[in-house]
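Here is the structure we will look at.
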Amino acid sequence: MSLRSKLKVPQYGLFYFEVDKTVSVVPLKKIRKVIKGDNTSKGSVVEIFYAGVPLKAEIIAVDG
């Protein structure tokens, strides 16, 4: 494993939105608040702002 792969910062995540029961790929920089867990681990619950509306989402997977 190279040093470069260890330093890679994830940019996108796969999220499940409870509001409308959908799954979407969203940039991690859209996360505004962590409700449970952290901002890069599977199963964490976060708040994402989309079009000025805060949406609660669960992380399914993270790139990297």
Side-chain angles (χ1 to χ4, degrees):
M1 187 181 305
S2 69
L3 179 61
R4 181 178 176 168
S5 66
K6 288 183 180 181
L7 297 175
K8 185 177 177 184
V9 178
Q11 294 181 0
Y12 293 96
L14 184 63
F15 294 89
Y16 171 73
F17 293 93
E18 294 178 9
V19 176
D20 55 359
K21 311 243 185 302
T22 60
V23 176
S24 297
V25 175
V26 178
L28 292 177
K29 64 183 178 181
K30 295 281 187 179
I31 295 175
R32 295 294 179 212
K33 182 174 150 184
V34 177
I35 298 170
K36 182 180 97 176
D38 63 12
N39 63 347
T40 58
S41 64
K42 180 179 177 181
S44 296
V45 179
V46 296
E47 186 176 79
I48 296 174
F49 273 95
Y50 179 75
V53 178
L55 300 171
K56 188 176 175 183
E58 180 179 347
I59 299 174
I60 296 173
V62 176
D63 176 35

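Counting begins at 1 with the first residue of the sequence. Since the model is a prediction, treat every value here as computed from it, not as a measurement.
In this structure S44 satisfies the side chain to side chain donor-acceptor pair (under 3.5 Å) test together with S41, sequence neighbours excluded.
Here the closest non-hydrogen pair linking T40 and V62 is O-CG2, 3.3 Å.
Transitive grouping of hydrophobic side chains (ILVMFWY, heavy atoms separated by less than 4.5 Å) brings I59 and Y50 into a common cluster.
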Hey, can you pull the donor-acceptor pairs under 3.5 Å for the side chains in residues 17-31, sequence neighbours left out?
residue, atom, partner, partner atom, Å
D20, OD1, T22, OG1, 2.9

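Cluster partners of V45, using a side-chain heavy-atom cutoff of under 4.5 Å among ILVMFWY residues and allowing indirect links, are I35.
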